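The block underneath contains the structure these notes are about, expressed in structure tokens.
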Amino acid sequence: MSTAREQPDPRATLRSGLPDRYLTPEDIAVIFKVPVETVYQWRKKRTGPPGFRIGKHLRYDPADIRAYVTERKTADRAAA
């Protein structure tokens with residue numbers, strides 16, 4: 001039985017369509033299978049997907065994540 005607090009796997013949500021909520025750094029870490037600290041380092045170095053702050057909380061727009069992945073895939077294909 002599922003409780004109201006459980007969140008679906010963000011990777012599955014992105015595969016089937018954009019989620020209807022902003023993503024947390026923890027969600028991003030799960031999606032890309034990297035440590036959460038890597039997500040924060042990407043933000044600090046401005047090399048990862050763009051995020052934004054709501055007060056003290058970092059969030060990511062699912063549309064920005066999709067665009068970032070598409071951009072990376074295109075850049076990798078062009079470099080190959």
Side-chain angles (χ1 to χ4, degrees):
M1 181 188 308
S2 170
T3 65
R5 297 191 81 207
E6 289 181 24
Q7 296 290 330
D9 179 352
R11 290 171 297 175
T13 304
L14 282 174
R15 279 192 298 270
S16 64
L18 297 174
D20 62 354
R21 64 179 177 84
Y22 292 117
L23 302 170
T24 66
E26 292 77 12
D27 293 330
I28 301 303
V30 169
I31 289 167
F32 292 114
K33 295 184 181 180
V34 298
V36 174
E37 185 57 34
T38 298
V39 176
Y40 286 109
Q41 286 299 315
W42 286 344
R43 179 158 169 84
K44 183 177 179 180
K45 296 175 183 177
R46 297 177 184 221
T47 59
F52 61 95
R53 292 231 174 247
I54 298 293
K56 66 178 183 174
H57 303 285
L58 181 57
R59 295 293 181 260
Y60 294 86
D61 187 323
D64 290 341
I65 301 302
R66 174 76 72 186
Y68 174 77
V69 169
T70 300
E71 177 185 310
R72 294 301 318 142
K73 288 167 63 176
T74 302
D76 283 350
R77 286 186 190 127

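What you are looking at is a predicted structure, and each value in this text was computed from that prediction instead of being measured.
- When all heavy atoms of Ala29 and Pro35 are compared, the pair lying nearest together is CB-C, 4.1 Å.
- For the pair Arg59 and Leu23, the minimum side-chain heavy-atom distance is 4.5 Å or more.
- Arg21 contributes atom CZ, which lies 12.0 Å from atom CG of Asp61 (distance to the nearest 0.5 angstrom).
- Side chains of Pro50 and Arg43 form no contact here, defined as non-hydrogen atoms less than 4.5 Å apart.
- Residue Ile65 is not grouped with residue Phe52 when hydrophobic side chains (ILVMFWY) are merged at heavy-atom distances under 4.5 angstrom, including chains of intermediate members.
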Side chain to side chain contact (heavy atoms under 4.5 Å, CB included) between Val34 and Trp42, intermediate numbers included: CA-CA 11 Å; Val34 298; Trp42 286 344; 4.0 Å; yes

task: Verify side chain to side chain contact (heavy atoms under 4.5 Å, CB included) between Val69 and Phe32, making sure each step is shown before the conclusion.
output: CA-CA 10 Å; Val69 169; Phe32 292 114; 3.7 Å; yes

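- Applying the 6.0 Å contact sphere to CZ of Arg46 captures no more than 12 heavy atoms from other residues, nucleotides or ligands.
- Looking at every heavy atom in both residues, Pro25 comes nearest to Val39 through O-CG2, 3.9 Å.
- Residue Asp27 comes nearest to Tyr22 through the heavy atom pair OD2-O, 4.5 Å, listed as atom of the first residue, atom of the second, then distance.
- Here Tyr40 contributes atom OH and Ile28 contributes atom CD1; the two are 11.0 Å apart, rounded to the nearest 0.5 Å.
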